[in-house]
J.: 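I am attaching a structure below and will ask some questions about it afterwards.
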Amino acid sequence: MPLLSVNNLSVSFHTRNGVTEAVKDVSFSLSKGETLGIVGESGSGKSVSCYSIMGLIPQPPGRIESGQAMLDNIDLLKCNEKTQLDIRGNKVAMIFQDPMTCLNPYIRVGEQLIEPLTYHKNVSRIVAKQRAIELLKEVGIRDPEANFDAWPHEFSGGMRQRVMIAMALIAEPELLIADEPTTALDVTIQKQILELVADIQKRRNIAVIFISHDLAVVKGLADRIMVMKSGEIVEEGETNTVFNNPQHEYTKKLIAAIPTGAKKASQVVDKSLVQVDNLVVEFTTDQGRFRAIDEVSFDVKKGEILGLVGESGSGKSTIGRSLLQLVSASGKATFDGISLLDKSAKEFLPLRRRMQMIFQDPYASLNPRMNVFDTLAEPLKVHGIASGEGLVEAVFALMDDVGLDRKFARKYPHEFSGGQRQRIAIGRAIATKPDFIVADEPVSALDVTIQKQILELIESLVKKHNLSMLFISHDLAVVRRICDRVIVLKHGVLVERGHVNEVWSSPQHQYTQSLLNATPDAIA
Amino acid sequence: MAISNFDETEVGQSLWQDAKQRLRKNKLAIFGLTVLLVIGLACLLAPWITPYGYEEQNLGLGATAPSWQHWMGTDNLGRDLLTRVLYGGRVSITVGLIATGVALLVGVTWGAIAGYIGGRTDAIMMRIVDIIYALPFMIFIVLLMVIFGRSLLLLFLAIGLVEWLTMARIVRGQVQSLKQLEFVEAARSMGLSQWTIIRRHIIPNAIGPVIVYTTLTIPNVMLLEAFLSFLGLGIQAPQSSWGLLISAGVETMEEYPWLLIFPGVTLSLVLFSLNFLGDGLRDALDVRASKD
Amino acid sequence: MGKFIFYRVLQAIPVLWIVVTITFFLVRFAPGGPFDAEKSVPPVVKAALEAQYNLDQPLISQYFSYMGDLLQGDLGPTFKYPGRSVNELIATGFPVTAELGLYAILVALVIGGIAGIVAALKPNSTQDYVSMSIAMIGICMPTFLLGPLLVLVFGIWLEWLPVSGWGDLPGDKILPSITLGAMYAAYVARLSRGGMMEVMSQDYIRTARAKGLPNYMVVLKHGLRGGILPVVSYLGPAFAGILSGSFVIETVFQIHGLGRFYVQAAFNRDYTLILGCTVFLAGLIILFNLLSDVVAAYLNPRLRSEVGSK
């Protein structure tokens, strides 16, 4: 008999702008000790279906239209509130995506941790504290006695997620629902958390529902996989079967979108376009001066995509920004033989036409009050490339280039999807026909199928316009797929450089090795 | 087939149009706007609306309750209250608008400069705001009005000088967060001049909160004027304002309550409408409620 | 935490100094002196009077001697109440004003806080609309209008409550306290609603719900701390507003508190009294701003430990 069985669940949201069907007639079940992976892109309904079971959908605007969710002969969707509270956090526990915001900043960690125990099991505080300290040790928090009284802000993201896991486990639930628990974390931390979840699942033999947009992450963890799209289940089966023999078109598309393999060696002229020597960037903070970039040297060759890899806080974005004088830096950097760092803003202006940037967040990188035409026309006008009748032609040509329908020229950013917005942003960057582009995590905010399209677009544009690119990313699989060479940055210091294939087959630095180890590989 | 003519492209809906639509659906805000327009126009057209003069006395008549001849009644000198409320409204509304204008001008300039330049300049400029903020202003204004007499100009200045501080904080916060957004960085990397960035990328995005806060400042200013006039420190007879009329009404409220109630209701109605409109604008422009 | 308070006190000192200095010179540069009104005063007597109050000294030395006295807590003699010092007058007026202000703050916090939280718990429900509409009326009904109207209705027409005085008749404290507190209750209601709404949409509230805590615990234990922060920060400015509001209340209800002294001193051009009251009130306001900042910082653990460790 399954532990949880969900039948014909439908959930919709009723807002001013009409009714959205978020989950349509979804059924699945889960046995004790089993791990079910639910995979889907944003808006697929994967989180909503689990939140509905937990009674965590705000009603209104949400409404559970139909269905039942049976756990121990209780229908979670129809039982009274008291029963529901009894189950939540007690028999079914959850962990969430962003550990930075999921702990209450106004209450000490320990107090939050023991709440499920003191509330559901009537355990005295002293016993609860003992139990909590044991658990903190189990999830890998050092010095649990002292950290019991810490505030959440004193913990890093990884540590907070460990606390969240301990909190979920403390009342010994039968089912753990994990909603993208590693998406907000760096790869090395992600690996630790995934191992921890797998370990706990085995040791306690509990059932786990693991929700993720990342097939590779789910693959290493789940016994079964359920693929969702637009509120419906499109495929379900044993993990290996789904991966090796996907039935539904969408599943095939998802699997094909996982960046795999290395870029084929391309025709790179062995001539540097950008040369950076001993680049140093310092920031002044309350604690004094802080070196974000410490004597970094590298070059970008003509026609090459150079990958710049690092985890959050490594300073990888700062390097890109300093080359475009968005951040001031010292050291030496040249572009096509022209020295960059000693130029005044005015002297730098002609160079801006030849060097451009693509940003990470397509929601923040476009001015919400300017339509596509104005956005794309701006660089053309600034550099006097086109005007009058020619301007319309040039903008249309750009839209063709990045695969945007011309009829959208007068639409505003908020009327587009994330992928389309990124196309607009790329169009803006290539408008002046630059030689060199800094792409700062251009695909990390996008769904995997969209990510694939944008990567292909970038590749084709690089080839078509003979661009050179500094491609900044935290995602090693993406870098391997698109870049010729790669440099690895850790805490502002360059620790590794080389051709992608060399680095992948024999990483020299220990940090690169740990990064590569931590990257979940869907294909292996 | 690809479109080659710009006019064939689909027209998008800008955020301003979005906001206009949302505002139109907000009944309270539209009610507020209507009330404001009606009262504003009535005050402006006062000489054509009432047949009585503002100082026109009718001692034989004395104080009378509202009637068909005198919709709001008359005071003990036989002056028509409606006329006095409309003329008083001119002063109150003017004070509200001009003092808010002063606050807007000073606050926006100060906040925008501090936010855009940042660094040490910003620190110094905002420290100055903090210090002035900590000054007990109401007491200062009372003092100023006492010492330098009750001139209208001084009143504008004094009130404007209190209200600019919050405006400066709001604008500075807006500009500072906008400045860090990627589209402004994109504009910089594109080589746009500082001024163009401010004009095309910063101002259009910072203007929403400014509009909202301006709408909410006007009632504050009118309240402050009325407060000072009530204490006898603001507008002086023979000039009139709603605050002064209320003050006069209080003295005779036992015998002639309408002399208190009508000016009071008018003032409250205007404050009400401005607040509703401000709240409506806030929702429509999707400005998050913020104190700083 | 101790250091935070120390720095805030350090910051308050220049502010207080600026207030004293500006007020001092403003008063001195004002046209007309305190003895101008009495036209019959012969020049000799006037000179003697001025000498008595040190008005014949150079301005700058007057300033320093005033500052010297101030540092010892002496606000000087009054001009218009012969034989009484400013300190004495403040000592008679302030307890009344303080009591009035305290009741008003209580009215504001209790009524406003409850209304705001009740509204936030069910946004866009009837209870939300009703309490926020009442709050809006409170904001749009200025003290000097609400006071007389309440007097008219409850004092004169219904004859339920006394219309003036403070502590003379039973129940005469009710109307002034409610009148003064009403507007601030409205602001507190709006702020606490906004704060609670903001907090209740945070991820950590979802975490608390996922633990199976009942609604009242989610609200009171996990929501309230963060939700009332805006109200706490607002208490400083509210206090300043209540003090100046008491000028009106004391006039309307004929209460002999500090506010009446201040307004009368302003009309009488009683310079030392204006100066003394301004310094005293400013000091109080600055103190309360400081207190509300400290409490707000205390409620925010991040600020508490960062500031504390520096």
Side-chain angles (χ1 to χ4, degrees), chain A residues 47 50-51 53-58 60-61 81-109 111-121 150-154 160 163-164 167-168 170-171 173 176-177 179 184 286-287, chain C residues 1 3-4 7 120-129 192 195-233 295-310:
Chain A
S47 298
C50 291
Y51 282 38
I53 300 167
M54 288 286 278
L56 290 177
I57 297 283
E81 206 188 320
K82 175 129 195 349
T83 321
Q84 218 175 37
L85 291 179
D86 253 7
I87 290 167
R88 246 191 261 162
N90 189 14
K91 286 187 172 160
V92 186
M94 268 192 99
I95 53 178
F96 302 95
Q97 174 167 352
D98 189 354
M100 303 309 273
T101 58
C102 282
L103 287 171
N104 190 333
Y106 301 108
I107 301 179
R108 289 178 196 274
V109 168
E111 174 61 33
Q112 298 189 54
L113 188 49
I114 62 171
E115 258 179 346
L117 212 50
T118 50
Y119 180 72
H120 289 296
K121 310 262 183 193
W151 294 101
H153 69 261
E154 293 166 335
R160 289 191 209 189
V163 172
M164 286 295 293
M167 193 149 72
I170 198 161
L176 174 69
I177 300 177
D179 182 16
D286 297 342
Q287 277 83 39
Chain C
M1 199 64 199
K3 277 193 179 159
F4 174 72
Y7 280 119
L121 289 184
K122 274 200 176 170
N124 302 322
S125 65
T126 318
Q127 67 196 48
D128 180 19
Y129 287 136
S192 53
M196 285 306 282
M197 296 260 288
E198 167 96 33
V199 166
M200 294 309 281
S201 68
Q202 296 286 323
D203 284 350
Y204 62 79
I205 294 298
R206 186 183 58 192
T207 309
R209 289 200 193 286
K211 283 188 220 175
L213 300 181
N215 199 36
Y216 76 91
M217 261 180 89
V218 174
V219 172
L220 295 181
K221 187 169 173 187
H222 287 267
L224 202 58
R225 286 282 282 277
I228 59 161
L229 266 181
V231 176
V232 173
S233 316
V295 174
Y298 182 77
L299 287 177
N300 187 344
R302 177 173 302 230
L303 212 60
R304 191 187 332 180
S305 57
E306 263 175 28
V307 166
S309 65
K310 249 183 210 173

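Chain A is the first sequence line, chain B the second, and so forth, proteins listed ahead of strands; every chain is numbered from 1. FYI, side chains are in, hydrogens and waters are out, and symmetry mates aren't considered; it's all heavy atoms of this structure.
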J.: Tell me, for A/Leu103 versus chain C, whether the close heavy atoms (under 4.5 Å) come from the side chain, the backbone, both or neither.
T.: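 Just its backbone gets close to chain C.
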
J.: Nearest 0.5 Å, please: how far is CG in A/Leu85 from CE in C/Met217?
T.: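 Separation between the atoms: 11.0 Å.
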
J.: Just to verify, which of C/Leu224, C/Leu229, C/Val199 counts as forming a side chain to side chain contact (heavy atoms under 4.5 Å, CB included) with A/Tyr106?
T.: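 When C/Leu224, C/Leu229, C/Val199 are each tested with A/Tyr106, the side chain to side chain contact (heavy atoms under 4.5 Å, CB included) holds only for C/Leu229.
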
J.: For the side chain of A/Arg88 and the backbone of C/Arg209, is there at least one donor-acceptor N/O pair under 3.5 Å apart?
T.: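 Checked: pair present.
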
J.: Given heavy-atom pairs under 4.5 angstrom as the criterion, report whether the side chain, backbone, both or neither of A/Gln84 touches chain C.
T.: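 Neither part.
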
J.: With a 4.5 angstrom heavy-atom cut-off, which part of C/Ile205 approaches chain A: side chain, backbone, both or neither?
T.: neither

J.: Could you tell me which portion of A/Tyr119 (side chain, backbone, both or neither) has an atom closer than 4.5 angstrom to a non-hydrogen atom of chain C?
T.: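 Side chain only.
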
J.: So which atom in A/Met54 and which in C/Ala210 form the shortest heavy-atom distance, rounded to 0.1 Å?
T.: CE-O, 4.0 Å

J.: Quick check: closest heavy atoms across C/Tyr204 and A/Pro105, and the distance to 0.1 Å?
T.: CE2-CD, 3.2 Å

J.: Please output the side-chain donor-acceptor pairs of residues 89-98 of chain A that fall under 3.5 Å, not counting sequence neighbours, one pair per line with the distance.
T.:
{"residue": "A/Asn90", "atom": "OD1", "partner": "A/Lys121", "partner atom": "NZ", "Å": "3.1"}
{"residue": "A/Asn90", "atom": "ND2", "partner": "A/Asp86", "partner atom": "O", "Å": "3.1"}
{"residue": "A/Asp98", "atom": "OD1", "partner": "A/Met100", "partner atom": "N", "Å": "3.0"}

J.: Side-chain contact test, heavy atoms from C-beta onward, threshold under 4.5 Å: evaluate it for C/Thr207 versus A/Met167 and give yes or no.
T.: yes

J.: What salt bridge (charged side-chain N to carboxylate O under 4.0 Å, His left out) pairs are there with at least one residue in residues 213-224 of chain C, not counting sequence neighbours?
T.: A/Glu111-C/Lys221, A/Glu115-C/Lys221

J.: About how many Å separate NE2 of C/His222 and CD1 of A/Ile107, when rounded to the nearest 0.5 Å?
T.: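 It is 4.5 Å, given to the nearest 0.5 Å.
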
J.: Can you tell me how far NZ of C/Lys211 sits from CD1 of A/Ile114, rounded to the nearest 0.5 angstrom?
T.: 9.5 Å

